[in-house]
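Read the structure below first, then the notes.
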Amino acid sequence: MIKLTQIRKSFGRNEVLKGIDLTVEKGEVVAILGPSGSGKTTLLRCINYLEKPNEGRIVIDDFSVQCRRPDKKAIHTLRQKTAMVFQQYNLFKHKTALENVMEGLFVVKKISKDEARIRSIELLEKVGLGNKLDSYPSELSGGQQQRVGIARALALNPEVILFDEPTSALDPELVGEVLAVIRKIAKEGITMIIVTHEMGFAQDVASHVVFMDEGVIVEQGKPNELFTSPKEERTKQFLKRITPEAAYSI
Amino acid sequence: MKLDFGFIWTAFIALLPAVPTALAITAVSVFCGLIIGTAVAVIRLYKVPVLYPIASAYVTVIRGTPMLTHLFIIYFGLPMLIDGATDSLGLSFRSVSIPMIGFAYISFSITAGAYMSEVVRSGLLAVNRGQIEAAYSIGMTTFQAMRRIILPQAFAASLPNLSNMVIGMLHGSTLAFTVSVVEINAKAQIVATTNWKFFEAYLAAALLFWGLTFLIERLTALAERRFNLYNRGGVS
Ligand SMILES: Nc1ncnc2c1ncn2[C@@H]1O[C@H](COP(=O)(O)OP(=O)(O)OP(=O)(O)O)[C@@H](O)[C@H]1O
Ligand SMILES: [Mg+2]
């Protein structure tokens, strides 16, 4: 279980997160929706501590970080318990697909090279890239790169995988292959938090949907409740703007 | 005046024994400079407290003064410092036992470090911020991320500038003649004193430098191909 309490984050005088409370149960898939600039990316980055929250508490099972005064070790542990899939993939440029996935196992988890290799090959096969093990990121399409990114995140066996608009940098015809992989691992019961603009995808993969605006969670609930009968005015307006036809772009 | 081609060749052969000296000065100063420069670049880029102003001062002072001046200051200043220190500690070591070339090693390393820090810095800046974030996100420490992800990419990106540095230090090694190190130019002068054919002797030296520089350029090209292997695609 992941529990965020009163997460606050400011950039200078601009308060981007204004006290976020969010609980994610084990195996849940949470979709975060919201207009541009509402703080979705910042929230994910805070959970992974790529951004230092000014205040709040992050709890993962029995491990807890007090954000105001964290020690280095807690940050390191938090990062090992979470994994991030980036909008821009951020694969290690100078490493092959296989090496990208192996890196965390071998360097961080200290698993032997041989074992790390076997496990990484399995993961790359799972995301449909068994034939691209020795390709460098520059030799892969966006969709393939993102699938390597997902395999790299899975390799660490994290408590939660954070996806920041994993398909928004992709050409439309490549979106499907990445969403299919996410859908597949969602079925395996891995806890995930996904920021996405793919409404159709959110609706059928997510078990819980969160709508954010201006640094607060406006509304959250089961997908069919939130999509069909939103309570808050801001949610209604946002959903109206994103027409269902356009959202079902898979 | 008639050019003595035969003597150019004779001089060329006579200069060859000085090549190891020139290469040693180049290699030591580039190697130590790379280490100093990497440390300085990382300190400046990440604004490490306390060390940051020291590193910045080092770069502007050294880049703001000629390489020959560094050599003289080290050559005349270091012995005083060393002898003063060993005296007060009651040690028997004396600065006269430092070989001349040692002064060139030390001073040129200090020179190279300042210039190299800019080479490394530009390499580090060429590495996308997403790379270190990805390294952090899989749980690497800053040190692991630096060593395994950032520095290798920065190194590949700085190869062209690095080769410039190596060539510059090779040519700069000629300054060591001022502290009685017999490098290629000094050797040319010695060779020419037998028959006063200075022009031929220095032409031979020029040829030799050009040859060595050409070699460095070829080696860089090879290294670039090797280290930039990962950029071979062109999809993203
Ligand atoms: N490093 C930063 N420095 C200053 N301001 C920032 C920084 N990162 C984000 N912001 C600001 O924080 C706010 C929220 O940004 P964030 O990226 O979290 O939004 P988002 O909901 O992910 O938007 P989008 O849907 O466009 O990705 C924005 O106003 C942005 O300008
Ligand atoms: Mg965003």
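Quick note: numbers below take in every heavy atom, side chains included, and nothing from hydrogens, waters or symmetry partners. Here is how names work: the chains are called A, B, and so on, in the same order as the sequence lines, proteins then strands, and each is numbered from 1.
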Rounded to the nearest 0.5 Å, what's the gap from [atom1] on [X] to [atom2] on [Y]? Could you check?
X: A:L156; Y: B:S137; atom1: CG; atom2: OG; result: 8.0 Å
X: A:E51; Y: B:E133; atom1: CD; atom2: CD; result: 7.5 Å
X: B:I149; Y: A:N100; atom1: CD1; atom2: CG; result: 7.5 Å

If I measure from the heavy atoms of chain B, does A:F86 come under 4.5 Å with its side chain, its backbone, both, or neither?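 The answer is the side chain of A:F86.
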
Sort A:V108 into side chain, backbone, both or neither according to what part of it lies under 4.5 angstrom from a heavy atom of chain B. side chain

Is the [atom1] atom of [X] crowded by more than 12 outside heavy atoms at less than 6.0 Å?
X: A:F11; atom1: CZ; result: yes
X: A:R117; atom1: CZ; result: no
X: A:K3; atom1: NZ; result: no
X: A:K52; atom1: NZ; result: yes

Between A:K95, A:Q80, A:E103, which shows the greatest number of heavy-atom pairs under 4.5 Å with chain B? A:E103

Heavy atoms only, distances under 4.5 angstrom: which of A:L162, A:L91, A:T77 has the most pairs with chain B? Name it, please. A:L91

Measure [X] against the heavy atoms of chain A and call it side chain, backbone, both or neither at under 4.5 Å.
X: B:A135; answer: both
X: B:Q131; answer: both
X: B:R148; answer: both

Has the side chain of A:H94 got a donor or acceptor atom that lies under 3.5 Å from a matching backbone atom of B:F227? no

Could you please state which residues from residues 55-76 of chain A sit under 4.5 angstrom from chain B, measuring non-hydrogen atom to non-hydrogen atom, sorted by number, or 'none'?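 Residues A:H76 are the ones that qualify, each having a heavy atom under 4.5 Å from chain B.
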
Taking every heavy-atom pair that is under 4.5 Å apart, which of B:N128, B:I138, B:T141 has the most such pairs with chain A?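 Most pairs with chain A among the choices: B:I138.
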
